[in-house]
Amino acid sequence: MSGADSRIPVTLVTGFLGSGKTTLLSALLRQPEPGRLAIVINEFGEVPLDQALIGRTEGQVVVLSGGCLCCAIGGDVVSTLLGLHALRAEKPFERVVIETSGLADPGPILAPLVQAPELTGLFRVDGVVAVVDALQGLRELGRQRVCVKQVALADRILLSKSDIAAPLAVTRLRDRLAEINPWAPLTTANHGAVDAAWLFDPGAARPICEHAGHDHDHSHGIGAFCLWFDQPVTWEAFARAVGDLTEAHGEAILRIKGLLNLNGRPVAVHGVQHFLHPPEPLPDWPDQERRSRLIVIADRLTEAEVRSFFSNMDFVAQASRKECADAS
Ligand SMILES: Nc1nc2c(ncn2[C@@H]2O[C@H](COP(=O)(O)OP(=O)(O)OP(=O)(O)O)[C@@H](O)[C@H]2O)c(=O)[nH]1
């Protein structure tokens, strides 16, 4: 750390949908070394789940910035960080980590940090960390331009899920990442287990002018649906419905994320494209709500099409769609 600079460092954690960003933050919060972190989460969809899934934070500040990604976040970054700064006397922290939505272009989130006069005296960008899914990364880099942008802007690349990816696929992905961004150091991390000192290495950030630019081409046709289930569900029925959905619309399903009431117990579920991760039982319910909630982020699918696959699970109390609209 450059001794004279008293501004608070801000690290941006980016990475495509389901790549393992929340898992990384959860693991970081369990380490003693990183000091007190303030976490800002920006999620795509109306029912935020990451805050619930991130687990206990032992007093660290967690601010949830909902709404729509990079398109609308510029002003939000300013107000969120100013709000956070005002809380500092009450809840001290040494670093801010912003988890962006998986669909977000990091450029416009960084822009106010280096341009907004209200922020530049208080905060400094410490670096951009891109989490890349070893299982799906190569495919995503081929299909989603925003994913390439996330990697291109990174100062650090973290390869998740290499424990479940074929070694050859990991090698090919590493080659591709090195083509896109040969400067960023890369490491692998199982379930977010990474040395905080590596992640938060001061001085890692490249000149901020390289962070310019903004793509909106990720937005068209991508929407998030939130489905609610009134009654407890069984894993068999849920997995069958998701299996049928991904078989029918494999390419269009980008992310499935939920908190299920599985026979009365809270269980987190994650699907990334066609891959459904094993269910993760949670120790407690994060809030008073006991209904299952499921977020499906899909490319050019209607709500009715998604909903029909869950029609034989006691369903649907409420459903909503949020599109990533170009707000600029
Ligand atoms: N096997 C394995 N699973 C992982 C690893 N990292 C994350 N996962 C799993 O991947 C799924 C998605 O992880 P998240 O941390 O929620 O991903 P995310 O990037 O925060 O997702 P969004 O916020 O929706 O973009 C979860 O089931 C995690 O347990 C890893 O290194 N290995």
Side-chain angles (χ1 to χ4, degrees), residues 12-30 39-55 62 64-70 97-106 109 129-137 140 144 146-147 150-151 154 157-167 169-170 173 186-194 199 218 222-226 235 238-239 242 253-260 266-282 286 293-299 322 324:
L12 207 64
V13 175
T14 179
F16 201 61
L17 292 165
S19 54
K21 300 178 294 296
T22 307
T23 304
L24 169 66
L25 293 185
S26 231
L28 274 175
L29 288 170
R30 290 195 298 270
I39 309 283
V40 178
I41 301 172
N42 171 234
E43 255 189 293
F44 183 38
E46 282 174 1
V47 178
L49 272 177
D50 281 356
Q51 190 181 26
L53 299 181
I54 205 166
V62 174
L64 192 74
S65 171
C68 184
L69 333 174
C70 52
V97 181
I98 302 179
E99 179 193 341
T100 69
S101 146
L103 292 169
D105 173 351
I109 300 174
V129 176
V131 183
V132 180
D133 180 331
L135 207 56
Q136 315 278 359
E140 283 156 355
Q144 307 286 346
V146 71
C147 201
Q150 291 169 344
V151 169
I157 298 175
L158 197 76
L159 210 54
S160 64
K161 308 190 195 179
S162 54
D163 55 312
I164 51 172
V170 176
L173 175 59
L186 180 149
T187 194
T188 55
N190 274 354
H191 290 278
V194 67
L199 208 61
H218 59 278
I222 295 178
F225 310 101
C226 182
W235 179 253
F238 175 76
V242 170
I253 304 300
L254 300 177
R255 182 79 163 103
I256 291 173
K257 174 156 64 170
L259 182 59
L260 298 186
V267 172
V269 290
H270 292 278
V272 183
Q273 299 177 15
H274 59 276
F275 185 83
L276 187 61
H277 283 270
E280 299 166 20
L282 301 180
R293 55 208 103 158
L294 188 71
I295 292 171
V296 179
I297 302 181
D299 190 1
K322 184 171 182 71
C324 173

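Starting from 1, each residue takes its place in the sequence as its number. We count ligands from 1, going down the list as the structure has it; atoms in each ligand are counted the same way.
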Enquirer: Tell me whether ligand 1 is touched by G18 - counting only heavy atoms on the residue side and a distance under 4.0 Å.
Expert: yes
Enquirer: Suppose I only count heavy atoms of K257 and a 4.0 Å limit; which atoms of ligand 1 are within that range?
Expert: 22 (P), 23 (O), 24 (O)
Enquirer: Is there at least one pair of N or O atoms, one from S160 and one from ligand 1, spaced under 3.5 Å apart?
Expert: no
Enquirer: Just jot down the ligand 1 atoms closer than 4.0 angstrom to any heavy atom of N190, in number order.
Expert: 31 (O)
Enquirer: Using a 4.0 Å heavy-atom cut-off, which part of I164 comes near ligand 1: side chain, backbone, both, or neither?
Expert: side chain
Enquirer: Strictly under 4.0 Å, does any heavy atom of A189 approach an atom of ligand 1?
Expert: yes
Enquirer: Nearest heavy-atom pair of Q150 and A104: which atoms, and what distance?
Expert: NE2-O, 3.0 Å
Enquirer: Going by heavy atoms in the side chains, are F16 and L103 under 4.5 Å from each other?
Expert: yes
Enquirer: Would you check the N or O atoms of G20, main chain and side chain alike, for any that come under 3.5 Å of an N or O of ligand 1?
Expert: yes
Enquirer: May I ask you to list the atoms of ligand 1 that are less than 4.0 angstrom from any heavy atom of L17?
Expert: 25 (O)
Enquirer: When you compare the side chain of V13 with that of L158, does any pair of heavy atoms fall below 4.5 Å?
Expert: no
Enquirer: What I'd like to find out is whether the side chain of T14 reaches to under 4.5 Å of the side chain of I109, using heavy atoms alone.
Expert: no
Enquirer: Under 4.0 Å, heavy atoms only, figure out whether ligand 1 is touched by the backbone of K161, its side chain, both or neither.
Expert: both
Enquirer: Between L24 and L199, does a side chain to side chain contact (heavy atoms under 4.5 Å, CB included) hold up when you go through it step by step?
Expert: CA-CA 10 Å; L24 169 66; L199 208 61; 4.1 Å; yes
Enquirer: Which one holds for T22 and ligand 1: side chain close, backbone close, both close, or neither close, with close meaning a heavy atom under 4.0 Å?
Expert: both
Enquirer: Quick one: list whatever passes side chain to side chain donor-acceptor pair (under 3.5 Å) with K161, sequence neighbours left out.
Expert: D133, H277
Enquirer: Going by the closest heavy atom to atom 6 (N) of ligand 1, which one wins out of E99, H191, Q136?
Expert: H191
Enquirer: Side chains of V132 and S19: does their closest heavy-atom pair fall under 4.5 Å?
Expert: no
Enquirer: Under 4.0 Å from a heavy atom of D163: which atoms of ligand 1 are those, numbered in the order shown and with their elements?
Expert: 1 (N), 2 (C), 30 (C), 31 (O), 32 (N)
Enquirer: Which is it for L259 and L282 under the side chain to side chain contact (heavy atoms under 4.5 Å, CB included) test, yes or no, and what are the steps along the way?
Expert: CA-CA 9 Å; L259 182 59; L282 301 180; 3.3 Å; yes
